[in-house]
Colleague: 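One structure, pasted below without further comment.
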Amino acid sequence: MRKKVVLITGAVGEIGQALVKKLASTGDHRLLTLDLRPMPSEFADLSIHVEGDILDANMLTRLITEYDVDLIFHLAALLSTRGEFAPELAHQINVGGTMKLLQLAAEQSQRRGHPVRFIFPSSIAAYGFPDLESKAAAGKVSEWEWNHPTTMYGCNKLYCEMLGNYYHRNYQQLASNRPVLLDFRSVRFPGLISAFTMPSGGTTDYGPEMLHAAAKGEPYACFVREDSQLPFMAMPDAITALLDLSTAPTESLSSRVYNVVSFSLTAAEFRDRVLAAFPDAQITFDPDLRRQGIVDSWPEDIDDSAARRDWGWSPAYDIDRAFNDFLIPNIRDRYRK
Ligand code: AKB
């Protein structure tokens, strides 16, 4: 008999590591993880790990055939800044990889006669404002406003939300026997901040970079202006959002794509919080016009009332708890060691 597993792609990334740790701690799931990189040694016993490329269609087919994949967290992606340096590669990974996995999950749903749950992290990169005036006037945006992404990554995320919806609702709509369809669910994340891992290749990275540099006693030149405002979330809340959405009863979901957010702050406010914890931190502002343009196109805050109403989303870490109870103590501890 095939073994029932939860598949996590991009498992060695920031969200992946936090998710693997959390799911392994419950002991309820057998985890199958996939990443180009090996799992860090402290995670070695937590999953069956496959070192492989999301673009390797044969390998994906083999995995889906060998294991009974019940739930997928598809985290593998090239983030927004890196995607601008390699847009075609970003498209291949972000769209090509997702498309292949959606197709395999659709086939698997059909074979088992039961929908595979497909959880997909999307992003505030799915939004795009033409200028700072419209960004300021919009304030909190809901899911289907200002969907005009300016980055390859943002285009990829928005399109993959649509693809997920397609496989969820309309796949093989003209077939005489409609197959069992997969169960696609997506959360749009703001900038995520972890105490235990560092982001790479994203445009919200200035927040975590500032914090980790201060704890290490290194100077940091922030690549956006002081007044740049974006929504953020502490990593444990991101994991809660993924898990809560994955188990929400189908009948409670009025949509397949939900905004989630914890707090919003400017880069100057971020600096002030870092300085309050690390008074000797040397933080300067040296905006990079191109990355600044991306941040300026993203909303300063997002409206997550649909997630709160439909599946009870509620972040445990507001801005004070995120900094005082999670980020500062754990980051201090990490670099003290
Ligand atoms: C990035 O900056 O690319 C990511 C994101 C907002 O999705 N952190």
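In this text, all values refer to a predicted model and were calculated from it rather than measured experimentally. Just follow the structure's listing: the first ligand is 1, and inside any ligand the first atom is 1.
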Colleague: Between Leu78, Thr151, Val295, Thr204, flag the one that comes closest to atom 4 (C) of ligand 1 by a heavy atom.
Modeller: Thr204
Colleague: Which of the numbered atoms in ligand 1 are below 4.0 angstrom from a heavy atom of Gly202?
Modeller: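 Numbered from 1, ligand 1 contributes 1 (C), 2 (O), 3 (O).
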Colleague: Under 30°, 30 to 60°, or over 60°: which ring-plane class applies to Phe232 and Phe263, parallel, tilted or perpendicular?
Modeller: parallel
Colleague: Using a 4.0 Å heavy-atom cut-off, which part of Phe189 comes near ligand 1: side chain, backbone, both, or neither?
Modeller: neither
Colleague: Assess, by modelled atom type and distance only, whether the side chains of Ser80 and Thr203 contain a donor and an acceptor separated by less than 3.5 Å.
Modeller: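 On atom types as modelled, these side chains qualify, holding a pair under 3.5 Å.
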Colleague: Do the ring planes of Tyr317 and Phe326 sit parallel (below 30°), tilted (30 to 60°) or perpendicular (above 60°)?
Modeller: tilted
Colleague: For residues Phe323 and Phe270, establish whether the separation of their ring centroids is below 6.0 Å.
Modeller: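 Yes, close enough.
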Colleague: I'd like to know if Arg188 and Glu143 make a salt bridge, using a cut-off of under 4.0 Å between side-chain N and carboxylate O.
Modeller: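 No.
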Colleague: For atom 5 (C) of ligand 1, what is the closest protein heavy atom, and at what distance to 0.1 Å?
Modeller: Ser123 OG, 3.4 Å
Colleague: Give the numbers and elements of all ligand 1 atoms closer than 4.0 Å to a heavy atom of Leu79.
Modeller: 3 (O)
Colleague: How does Ser80 reach ligand 1, if at all, at less than 4.0 Å between non-hydrogen atoms: by side chain, backbone, both, or neither?
Modeller: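 Looking at Ser80 and ligand 1, atoms from backbone and side chain both fall under 4.0 Å.
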Colleague: What orientation do Trp146 and His148 show, parallel under 30°, tilted 30 to 60°, or perpendicular over 60°?
Modeller: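 Answer is perpendicular, since the angle exceeds 60°.
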Colleague: Give me the residue, atom name and distance of the protein heavy atom closest to atom 2 (O) of ligand 1.
Modeller: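 The closest one turns out to be Thr203 N, 2.6 Å.
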Colleague: Looking at ligand 1, is there an atom of it that comes within less than 4.0 Å of some heavy atom belonging to Tyr153?
Modeller: yes
